[in-house]
Asker: 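Handing you this structure, nothing more for now.
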2 protein chains.
Amino acid sequence: MPTQDQPSQADQSQSEQDWLAAYDPRAFTPVAVTVDVVALTLRQDRLHVLLVRRAGPPFQGCWALPGGFVRAGKEDLDQAAARELAEETGVDTAALRRVHLEQLGSYGAPARDPRMHVISVAYLAFAPDLPDPQAGTDAAAAAWVPLGGTAPAAGPHRGGPSSRSGPAGHPLAFDHAVILAEALDRARSKLEYTPLATAFLGPEFTISELRSVYEEIWGEKLHAGNFHRKVLSVPGFVESTGATATKAGSKGGPRARLYRTGDARLLHPALLRPDREESVR
Amino acid sequence: MPTQDQPSQADQSQSEQDWLAAYDPRAFTPVAVTVDVVALTLRQDRLHVLLVRRAGPPFQGCWALPGGFVRAGKEDLDQAAARELAEETGVDTAALRRVHLEQLGSYGAPARDPRMHVISVAYLAFAPDLPDPQAGTDAAAAAWVPLGGTAPAAGPHRGGPSSRSGPAGHPLAFDHAVILAEALDRARSKLEYTPLATAFLGPEFTISELRSVYEEIWGEKLHAGNFHRKVLSVPGFVESTGATATKAGSKGGPRARLYRTGDARLLHPALLRPDREESVR
DNA sequence: GTAATAGTGTCTTTCAGACAGTATAGG
DNA sequence: CCTATACTGTCTGAAAGACACTATTAC
């Protein structure tokens, strides 16, 4: 790999080897690296995020994003994120296959962790409705916690996990509230130009179910008729299975046709959000 | 595992303090964190990237992205990126003010650095035409190296820095070629929905100059008339200075009006790239 | 029956892109 | 003169959003 032409090939290889042999990794002030995962799912048409309750300090007892230290020398960042997601929640690797996982960004303020300088690489996951998680080794509890859409959902004084958590209740550990907020922004944006909304659904779904994904994550009602036509007009977004749902909705209506995810990776043209005025300026 | 989710408030603070006092950061296998900056600029209407030639191993003599280790406990990631950009290139902090800097992503394959597991947080910078850089302490040389737009520019066998470099010549150190490629993708995309193309220009510019930024980074000619109308129609993209360029182009034509950057942070509606077919599927 | 939904047709407005046309500068 | 450019006007087609309408199901 070190193809060189400046010093002679042999010279440079040799000196590089010498240097590597004398290299001491512990000479550097230590920095730790963690991965934290913002895993989103829909349960009963409500957006939920996966949180764990920290078993040990710092922030013991606080709710936090699932995550942990990267195993130095042993894994990629993507692998670490997948491992943490599996470990801390009991989601097995088969179910992980149906989960979309992508890097969100890195957070490295020196004081974000009281122990030492910890740099966290955040990941964003879109999951179909998964079983209730199992708490892993670092967590006293793990649960899908509802996010308030536009309006907070859970009351502030119940015993369950939805109270005292970040989204509807008390703040999250570290800077996880910031990470969660940026994850939600990213998620809302991803729905515009990718078909990832289908990652929240099962292998077969109706256009109405797909629409309710958009409505819950964007936090606004969409026009059913126009949405329907738009989805079918974007090449590769969904493809028909030919089948029809066995039951209609609880309020009646015709049985909807079923679709599965198409082969497009980008929506073209995109499915833009309704105008949020002159939002950011 | 130290369970517990209902110690009293005082208990918890106390045990957390004890734990912190006994905490030994060196217990972890060391991981290093670097920041690497993909700094882009336009010189004579050609896209250039800032590269340094590595003074020491590994990859001694190779061209690489400017960057370096994060100073543990002393700086944020953004600060580290700005510092490295300034240090390794002699760009002073005043000039840095006119540079757009944003996080691109993190790269952490265990073997990407032969020394140890090094996780690199990559940054993307858009700069106006800056003076030739000064090599910093870690670099034997630093230079703005032309990128081939769509077609590579520099011949492979000249003495200057543009040969034997990554973009037009030999591969870059580490996985920097991958980082550079993703940076260019991001840059092309950023021009669509943000006004950051103006970050490549001086405080006052003509619509034609702005168009040439788009053309060089997107690698395709744009329709002058339609581009002109589009830019002026997007609210907050540019605002008129009232002034007119003192000279016309070298090939004649009327003197163009001058504009400065507007106050929009997002272009709405966006300035979409001409159809690249069904690109990614 | 009523009410709510699935899916389609149509109209208006907006916008991108193609093209033409006028005025202004350099050679 | 000729040519290239700055900028504007106009047309066409694509697409979004509003609205209306039919057909089908749960209750």
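What you are looking at is a predicted structure, and each value in this text was computed from that prediction instead of being measured. Just so it is clear: chains get the letters A, B, ... in the order the sequence lines come, proteins before strands, and each one is counted from 1.
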Asker: How close or far is atom C1' of dA16(C) from atom CG of Leu271(B), stated in whole angstroms?
Answerer: 10 Å

Asker: With a 4.0 Å heavy-atom cut-off, tell me which residues in residues 208-215 of chain B come close to DNA chain C, sorted by residue number.
Answerer: none

Asker: Tell me the side chain to side chain donor-acceptor pair (under 3.5 Å) pairs involving residues 225-245 of chain B, sequence neighbours left out?
Answerer: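 Qualifying pairs: Asn226(B)-Arg229(B), Glu239(B)-Arg260(B).
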
Asker: Among residues at least two apart in sequence or on other chains, which ones pass side-chain contact (heavy atoms from CB on, under 4.5 Å) with Pro195(B)?
Answerer: Phe237(B), Leu267(B)

Asker: Who pairs with Asp132(B) by salt bridge (charged side-chain N to carboxylate O under 4.0 Å, His left out), at least two apart in sequence or on another chain?
Answerer: Arg43(B)

Asker: Classify every nucleotide of nucleotides 17-27 of chain D by which part a protein heavy atom approaches to under 4.0 Å, writing B for the base, S for the sugar-phosphate alone and - for neither, in 5'-to-3' order.
Answerer: BBB---BBBSS

Asker: Can you sort out the partners of Asp78(A) under salt bridge (charged side-chain N to carboxylate O under 4.0 Å, His left out), two or more places apart, ordered by chain and number?
Answerer: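 For Asp78(A) there are no salt bridge (charged side-chain N to carboxylate O under 4.0 Å, His left out) partners, ignoring immediate neighbours.
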
Asker: State which residues pass side-chain hydrogen bond (donor to acceptor under 3.5 Å, both in side chains) with Arg257(B); sequence neighbours excluded, sorted by chain then number.
Answerer: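 With neighbours one apart ignored, the set is empty.
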
Asker: What is the distance, to the nearest angstrom, from the CZ atom on Phe227(A) to the C1' atom on dG9(C)?
Answerer: 20 Å

Asker: Name every residue in residues 195-204 of chain B that has at least one heavy atom under 4.0 Å from any atom of DNA chain C, in order of residue number, or write none if there are no such residues.
Answerer: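 When residues 195-204 of chain B is checked for heavy atoms under 4.0 Å from DNA chain C, there are no hits whatsoever.
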
Asker: From the list dA16(C), dT8(D), dG7(C), which nucleotide is the closest neighbour of the side chain of Ala256(A)?
Answerer: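 Nearest to the side-chain atoms of Ala256(A), counting from C-beta on, is dG7(C).
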
Asker: Of all residues at least two apart in sequence or in a different chain, which pass the side-chain hydrogen bond (donor to acceptor under 3.5 Å, both in side chains) check with Thr198(B)?
Answerer: Thr261(B)

Asker: Could you work out, with salt bridge (charged side-chain N to carboxylate O under 4.0 Å, His left out) as the rule, every residue matching Lys247(B), not counting sequence neighbours?
Answerer: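 Lys247(B) satisfies salt bridge (charged side-chain N to carboxylate O under 4.0 Å, His left out) with no residue once adjacent residues are dropped.
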
Asker: Identify, with sequence neighbours excluded, every residue that meets salt bridge (charged side-chain N to carboxylate O under 4.0 Å, His left out) alongside Asp185(A).
Answerer: Arg188(A)

Asker: According to ring pair (Phe, Tyr, Trp, His ring centres under 6.0 Å), does anything in residues 177-210 of chain B pair up with another residue at least two apart or in another chain? List the pairs.
Answerer: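 Pairs touching residues 177-210 of chain B that pass the test: Phe126(B)-Phe200(B).
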
